[in-house]
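The structure appears right after this line, and notes come after that.
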Amino acid sequence: MPQGQIDGVKNAMLGAIGAALAATPIKGRITVSGYEGSELLVARLLIESGAEVEYVGTACPQTKWSDPDREWLEAKGVTVNYRASLEQDLSAVDAIKPDLAIGTTPVVQHAKAMSIPALYFTNLISARPLMGPAGAGSLAQVINAAIANKARFDKMTAFFDGVGSGDTSGIWSETPVARPEFKARYAKQMAAAAKAEEHVGT
């Protein structure tokens with residue numbers, strides 16, 4: 001194919017992508033984490049759509065193939081964390097308190113418990129097209145819809161305020177009383193049992 005035709009198609013697509021980004025801008029602070037390998041690409045598209053992304057965590061290792069995207073993101077002030085642990089992803093949500101958290105199941109659960117809208121990276125983001133005008137427009141729609149749900153989360157949090165969590169979660173005739181001494185005793189028993197089993201094995 002002649003270079004002129006290639007350039008013509010390229011320019012047409014770039015124009016269409018630019019129009020799609022301008023038509024559905026994303027306004028909000030977002031954290032991104034996942035294990036699919038496209039986390040950096042998604043973060044870059046979000047920023048190009050107008051979003052503010054401060055943190056990207058990926059379970060994948062750093063390679064030369066992702067270096068161009070990493071360098072682009074870091075130039076925008078984004079923290080890119082390879083081989084990210086769940087604890088690191090959760091800490092990013094806690095510290096940044098984004099308008100939207102995109103991540104794995106425990107990250108989404110953690111964010112929603114904080115009244116922060118959240119989306120599962122694997123089935124709601126990674127499964128969508130990212131390239132071309134269709135990708136830009138499709139991603140912006142789902143992101144903007146999720147961010148717009150913040151008021152619903154605040155309403156639910158206010159409604160359930162005072163309901164137990166952790167050991168006191170669930171339905172009780174009387175509010176359970178925490179017994180930390182029982183936990184400590186059980187932990188010691190488990191540690192002793194593990195040590196005894198290790199001794200037998202040697």
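Please read these numbers as outputs of a predicted model, since none were measured by experiment.
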- Task: Please assess H110 against D89 for the test side chain to side chain donor-acceptor pair (under 3.5 Å), listing each intermediate value before the final yes or no.
- Result: CA-CA 10 Å; H110 182 74; D89 290 342; over 6 Å; no
- Item | Verdict with supporting geometry, L40 and Y82, side-chain contact (heavy atoms from CB on, under 4.5 Å) | CA-CA 10 Å; L40 275 66; Y82 290 97; 3.5 Å; yes
- Query: So V108 and L119, side-chain contact (heavy atoms from CB on, under 4.5 Å) or not? Walk me through it.
  - Reply: CA-CA 6 Å; V108 168; L119 294 173; 5.8 Å; no
- Message: Could you go through R185 and E181, starting from their C-alpha distance and side-chain angles, then the distance that decides it, and tell me whether this counts as salt bridge (Lys or Arg N to Asp or Glu O under 4.0 Å)?
- Response: CA-CA 6 Å; R185 186 187 310 164; E181 66 276 13; over 6 Å; no
- Task: Please assess K64 against D67 for the test salt bridge (Lys or Arg N to Asp or Glu O under 4.0 Å), listing each intermediate value before the final yes or no.
- Result: CA-CA 5 Å; K64 64 179 181 179; D67 278 344; over 6 Å; no
- Task: List the steps, then state whether side-chain contact (heavy atoms from CB on, under 4.5 Å) holds for V53 with L73.
- Result: CA-CA 9 Å; V53 179; L73 290 167; 5.9 Å; no
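To the nearest 0.5 Å, atom CZ of residue F121 and atom CD of residue E39 are 4.0 Å apart. Atom OG of S49 is separated from atom CZ of R44 by 12.0 Å, given to the nearest 0.5 angstrom. To the nearest 0.5 Å, atoms CG (N81) and CZ (R70) are separated by 12.5 Å. In this structure, the separation between CD on E52 and CG on L46 is 12.0 Å, given to the nearest 0.5 Å. Note that the CG atom of L45 and the CD1 atom of I125 stand 10.0 Å from one another [nearest 0.5 Å]. For the atom pair CG of N149 and CG of D154, the computed distance is 11.0 Å after rounding to the nearest 0.5 Å.
Hydrophobic cluster membership differs between I96 and L86, with clusters built from Ile, Leu, Val, Met, Phe, Trp and Tyr side chains linked at under 4.5 angstrom. In the hydrophobic clustering of this structure, V78 groups with V32; members are Ile, Leu, Val, Met, Phe, Trp, Tyr whose side-chain heavy atoms approach within less than 4.5 Å, directly or through other members. Both L124 and V56 sit in one connected hydrophobic cluster of ILVMFWY residues. Membership requires side-chain heavy atoms under 4.5 Å apart, directly or through other members. When the side chains of ILVMFWY residues are joined at heavy-atom separations under 4.5 Å, either directly or via intervening members, I147 and M114 end up in two distinct hydrophobic clusters. Taken together through direct or relayed side-chain contacts under 4.5 Å among Ile, Leu, Val, Met, Phe, Trp and Tyr, Y35 and V93 form parts of separate hydrophobic clusters.
For A146 against L100, the heavy-atom pair with the smallest separation is CB-CD1, 3.8 Å. Nearest heavy-atom pair across P98 and R29 is CB-O, 3.3 Å. C60 and E36 make their closest contact through SG-C, 4.5 Å (heavy atoms, listed as atom of the first residue, atom of the second, distance). Here the closest heavy-atom approach between residue A101 and residue A111 is recorded as CB-CB, 3.8 Å.
Put simply, the side chain of S115 reaches to within 4.5 Å of the side chain of K150, judged on heavy atoms.
Not one N or O on the side chain of D99 forms a donor-acceptor pair closer than 3.5 Å with the backbone of I30. A distance-only check finds no donor-acceptor pair linking the side chain of S38 to the backbone of L41 [under 3.5 Å].
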